[in-house]
Amino acid sequence: PQAVWIMNNDGTGARQLTNPSFSAQPKNKQFDQGDYDPWLSPDTEKVAFMRMTANGTWHSLVIDVRTGKEVDLTANLPDSMESHDGVPEWSSDGKLLLLWHANLKDLKSIGIYSVCPDASNRKMVPLPRGYQHTHPGFFPSDGSSPKARIIYGARRNPFLI
């Protein structure tokens, strides 16, 4: 499967950071099972990334670069088998991530969420309803306070009111 690697800029020291393994064939034929779109934390100690799971959903995870310990930010949701979390983005202080969440069985849950790297304190960002919000990011140097600014894409979608 697709994996995340880390190496020196000169091509030396390459090592595989994630090692996803799956016991079932993927339900999503568009993407291979595995790990995609890594984002290094500001302190360079962790990496946030997306994993295409065997059941065909996207989960967002954080891995510790030194220990290899993974935290699945999606796994503890009551609807994790139906939920998609993606495009995790770090705050400049590394205390929060923003991510996009969707569950087609619960349209009111679709939106952008903030979550701590240990999967705690998950909260929906209160954005205007009636839009599909995508690709969130914190402004550089704003940190993670309630006053931190974010940027995101939005497209009108009347089903999401």
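For the numbers below, each heavy atom of this structure counts, side chains included, while hydrogens, waters and symmetry mates do not.
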Quiz item: Do the non-hydrogen side-chain atoms of Met50 and Pro88 ever get within less than 4.5 Å of each other?
Solution: yes

Quiz prompt | Nearest-0.5 Å distance that lies between atom OG1 in Thr57 and atom CD in Glu82 | solution = 8.5 Å

Quiz item: Among side-chain atoms of Arg155 and His133, is any donor-acceptor pair under 3.5 angstrom?
Solution: no

Quiz prompt | Pairwise side-chain contact, Pro20 with Pro1, heavy-atom cut-off 4.5 Å (strictly under) | solution = yes

Self-check item: Crowding at CG, Asp10 (>12 non-hydrogen neighbours, <6.0 Å)
Solution: yes

Quiz item: Between His59 and Asp72, is any side-chain donor less than 3.5 angstrom from a side-chain acceptor?
Solution: yes

Quiz item: What closest approach, in Å, do Val125 and Ser114 show between heavy atoms, and which atom pair accounts for it?
Solution: CG2-N, 4.1 Å

Self-check item: No-hydrogen, no-angle side-chain donor-acceptor test under 3.5 Å, Asn103 and Ser109
Solution: no

Quiz item: Which pair of heavy atoms, one from Trp100 and one from Pro136, lies closest together, and at what distance?
Solution: N-CG, 4.3 Å

Self-check item: Separation between CZ of Arg66 and OG1 of Thr44, rounded to the nearest 0.5 Å
Solution: 9.5 Å

Quiz item: Which heavy atom in Gly130 sits nearest to a heavy atom in Arg156, and how many Å separate them?
Solution: O-NH1, 2.9 Å

Quiz item: Shared ILVMFWY cluster between Met124 and Val115, side chains joined below 4.5 angstrom?
Solution: yes

Quiz item: Do you know the tightest heavy-atom contact between Pro38 and Val47?
Solution: CB-CG1, 3.7 Å

Practice problem: Would you indicate whether the side-chain heavy atoms of Thr53 and Trp58 approach each other to under 4.5 Å? | Solution: no

Exercise. Check the surroundings of atom CE in Met7: do more than 12 heavy atoms from other residues, nucleotides or ligands lie under 6.0 Å from it?
Key: yes

Quiz item: Does a side-chain heavy-atom distance below 4.5 Å link Phe139 with Ile151?
Solution: yes

Quiz item: Within a radius of less than 6.0 Å around CG of Asp142, do more than 12 heavy atoms belonging to other residues, nucleotides or ligands occur?
Solution: yes

Practice problem: Show the numbers, then the answer: is there a side-chain contact (heavy atoms from CB on, under 4.5 Å) between Cys116 and Leu96? | Solution: CA-CA 5 Å; Cys116 294; Leu96 279 179; 4.0 Å; yes

Quiz item: CG of Leu97 to CH2 of Trp39: how many Å apart, nearest 0.5 Å?
Solution: 11.5 Å

Self-check item: Transitive ILVMFWY side-chain link Leu17 to Phe49, under 4.5 Å
Solution: yes

Self-check item: For the student: nearest non-hydrogen atoms of Arg51 and Asp35, plus distance
Solution: NE-OD1, 2.6 Å

Quiz prompt | Heavy-atom side-chain proximity of Lys95 to Trp90 below 4.5 angstrom | solution = no

Quiz item: How far does NZ of Lys46 sit from CG of Leu61, to the nearest 0.5 angstrom?
Solution: 13.5 Å

Quiz item: Can a salt bridge be assigned to the pair Lys69 and Asp64 using a cut-off of 4.0 Å between side-chain N and carboxylate O?
Solution: no

Quiz prompt | Nearest-0.5 Å distance, OH of residue Tyr113 to CG of residue Asn121 | solution = 13.5 Å

Quiz item: Say you draw a straight line from NE2 of His101 to CG of Leu73; how long is it, rounded to the nearest 0.5 Å?
Solution: 12.5 Å

Exercise. Dump the intermediate steps for side-chain contact (heavy atoms from CB on, under 4.5 Å) on Tyr131 and Asn157, then the final yes or no.
Key: CA-CA 5 Å; Tyr131 291 86; Asn157 186 330; over 6 Å; no

Quiz item: So if you build clusters from Ile, Leu, Val, Met, Phe, Trp, Tyr with side-chain heavy-atom gaps below 4.5 Å, do Ile63 and Val4 land together?
Solution: yes

Practice problem: Check step by step if side-chain contact (heavy atoms from CB on, under 4.5 Å) holds for Val65 and Ile6. | Solution: CA-CA 9 Å; Val65 172; Ile6 193 166; 3.9 Å; yes

Exercise. Please check if any side-chain donor atom of Ser60 sits under 3.5 Å from a side-chain acceptor atom of Asp85, or the reverse.
Key: no

Self-check item: Minimum heavy-atom distance Tyr152-Ile112, with the two atoms named
Solution: CB-CD1, 3.6 Å

Quiz item: Are Ile150 and Leu99 connected in a single hydrophobic cluster, I mean Ile/Leu/Val/Met/Phe/Trp/Tyr linked by side-chain heavy atoms less than 4.5 Å apart?
Solution: no

